There are 2 protein chains.
Amino acid sequence: MELFQKIKDKYPYLPEDRILDVLSLGEIVMLNVGDIFIKEGEKTSKAGLVIEGMMRNYIVNDNGEEVTVVFATEMQPSVPYSSFFLGRAASETTAAVEPTILFVMDFLAFKSRSKSDLLYARLYADLLEEGYLAAIERIEDFTRTKPEQRYQRLLDTRGFLIERAPLKYLASYLGITPVSLSRIRKRVSQNR
Amino acid sequence: MELFQKIKDKYPYLPEDRILDVLSLGEIVMLNVGDIFIKEGEKTSKAGLVIEGMMRNYIVNDNGEEVTVVFATEMQPSVPYSSFFLGRAASETTAAVEPTILFVMDFLAFKSRSKSDLLYARLYADLLEEGYLAAIERIEDFTRTKPEQRYQRLLDTRGFLIERAPLKYLASYLGITPVSLSRIRKRVSQNR
DNA sequence: ATCGCTAATTATCTTTTGTAAAGTGCTTTC
DNA sequence: GAAAGCACTTTACAAAAGATAATTAGCGAT
């Protein structure tokens with residue numbers, strides 16, 4: 001199976017039996033555009049891994065607008081973070097941006113294995129490190145640059161997001177309004 | 001020793017011998033205001049844990065201005081994240097905001113233990129989860145709110161930072177200029 | 001107490017963003 | 001094929017933030 005190979009490539013220290021075990025913990029789920037995987041307020045231990053497509057986590061702000069906090073593409077986790085880490089109901093909604101193939105497994109089953117199996121512990125630490133680092137870079141971006149520069153950087157480093165995600169999601173992801181992003185786009189395209 | 005007790009309180013699953021072992025990995029360092037713990041570009045495996053005082057991580061933006069990415073206060077880690085996770089030179093500088101008592105230990109020694117000791121693995125995962133969650137909340141803040149609301153929220157949730165850190169550090173932490181933060185402060189104090 | 005340095009505030013002006021509303025283009029649907 | 005829905009753009013105006021410079025406040029050293 002292709003997923004098996006992808007996991008093997010990304011985490012080469014995992015013996016095949018562990019990969020098979022991880023795969024046995026979950027199942028493949030197909031989502032259409034807009035389908036919700038986990039809804040805010042839900043208390044769940046379901047974790048998603050994007051095999052193909054794109055997911056996003058969003059919250060709803062004081063004005064009732066959806067604010068996209070993070071996108072997940074191929075081989076990236078799509079999970080209700082605060083729910084897992086705090087054992088609370090999900091504070092974010094997780095939904096498909098594109099038709100998406102998701103590998104869904106039980107996080108608690110995985111985490112409980114990580115408490116008795118060093119390889120799982122290492123895998124979990126790697127996953128956390130990867131996500132944490134991406135979050136820090138995102139914060140650096142917010143503190144260091146202005147919206148226009150953020151758009152430019154996104155264009156340079158993860159341009160595929162701009163091609164694949166609707167502009168209104170991107171806008172809140174960049175911390176601005178769709179109107180403002182539209183203006184930025186115009187300025188940037190007139191390269192100045 | 002007080003640090004022993006604090007670790008014991010925060011990570012109750014750690015047996016005393018592990019705590020003592022952790023403590024044996026490091027030493028206490030005293031820093032004065034402005035003292036640099038780890039400098040950008042340095043390749044180090046030193047990790048700090050704030051016992052008393054305050055540290056900050058900062059980067060330098062395109063205009064040569066310092067941008068504070070994160071503060072660390074009591075029992076929070078003060079470390080060069082990207083350096084640890086990627087094995088590269090530090091991309092951030094870590095320095096004392098207040099006179100600070102820092103417990104300094106070797107991250108690699110700790111991490112290597114976490115690869116053979118489940119309790120260390122769990123401790124490491126807990127540390128990562130804590131930091132990751134804080135980072136996500138920070139991102140939610142940037143995407144969801146305007147500078148003035150961010151200041152308000154900071155005032156509500158971590159007001160002590162505002163009392164203890166210079167405004168110029170807080171400004172970049174909030175992603176704005178010191179001048180702008182000064183104006184926000186004025187608006188907020190005139191409660192409207 | 002004064003000097004000197006830095007931080008914080010204030011003032012002015014420019015640029016950008018937010019907000020609301022209208023317009024454009026494309027797809028869906030009955 | 002007209003209407004409705006949606007995403008994106010555009011416009012107009014108000015509010016906020018950036019840039020810069022000048023002023024004031026705070027603080028340690030002499």
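Note on naming: letters A, B, ... go to the chains in the order of the sequence lines (proteins, then strands), and numbering restarts at 1 for each one. For clarity, every value in this text was computed on a predicted model and none was experimentally measured.
The distance between atom CZ of Arg185(B) and atom P of dA17(D), rounded to the nearest whole Å, is 15 Å. Regarding Gln149(A), its CD atom lies at a distance of 11 Å from the P atom of dT16(C), rounded to whole Å. If you measure from atom CD of Gln152(B) to atom P of dA16(D), you get 14 Å, rounded to the nearest angstrom. In this structure, the NZ atom of Lys186(B) is 14 Å from the P atom of dA17(D), given to the nearest Å. Straight-line distance from the CZ atom of Arg150(B) to the P atom of dA16(D): 15 Å, rounded to whole Å. Distance CG (Leu167(A)) to P (dC6(D)): 17 Å, rounded to an integer number of Å. Residue Tyr151(B) contributes atom OH, which lies 17 Å from atom C1' of dA17(D) at whole-angstrom precision.
Of the inter-residue distances, the one linking Tyr169(B) atom OH with Leu174(B) atom CG reads 15.0 Å to the nearest 0.5 angstrom. Expressed to the nearest 0.5 Å, how far CD1 of Ile19(A) lies from NZ of Lys6(A) amounts to 13.5 Å.
Not a single donor-acceptor pair under 3.5 Å links the side chain of Glu137(B) to the backbone N or O of Ala134(B).
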Which atom pairs, donor and acceptor, lie under 3.5 Å between side-chain atoms of residues 119-127 of chain B and protein residues at least two apart or in another chain?
residue, atom, partner, partner atom, Å
Tyr120(B), OH, Arg18(B), O, 3.3
Tyr120(B), OH, Asp21(B), OD2, 2.5
Tyr124(B), OH, Glu129(A), OE2, 2.5
Asp126(B), OD2, Tyr13(B), OH, 2.4

Measure all distances between protein nitrogen or oxygen atoms and nitrogen or oxygen atoms of nucleotides 17-21 of chain C, and list the pairs falling under 3.5 Å.
residue, atom, partner, partner atom, Å
dT17(C), OP2, Arg187(A), NH1, 3.4
dT17(C), OP2, Arg187(A), NH2, 3.0
dT17(C), O5', Ser180(A), OG, 3.3
dG18(C), OP2, Thr177(A), N, 3.1
dG18(C), OP2, Thr177(A), OG1, 2.9
dG18(C), N7, Arg183(A), NH2, 2.7
dG18(C), O6, Arg183(A), NH1, 3.1
dT19(C), OP1, Lys146(B), NZ, 3.1

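Salt bridge annotation for Arg56(B)-Glu66(B): present, with a cationic side-chain nitrogen under 4.0 angstrom from a carboxylate oxygen.
When hydrophobic side chains of Ile, Leu, Val, Met, Phe, Trp and Tyr are connected at separations under 4.5 Å, Leu31(A) ends up clustered with Val29(A), Phe37(A), Ile38(A), Val50(A), Met55(A), Leu102(A), Val104(A).
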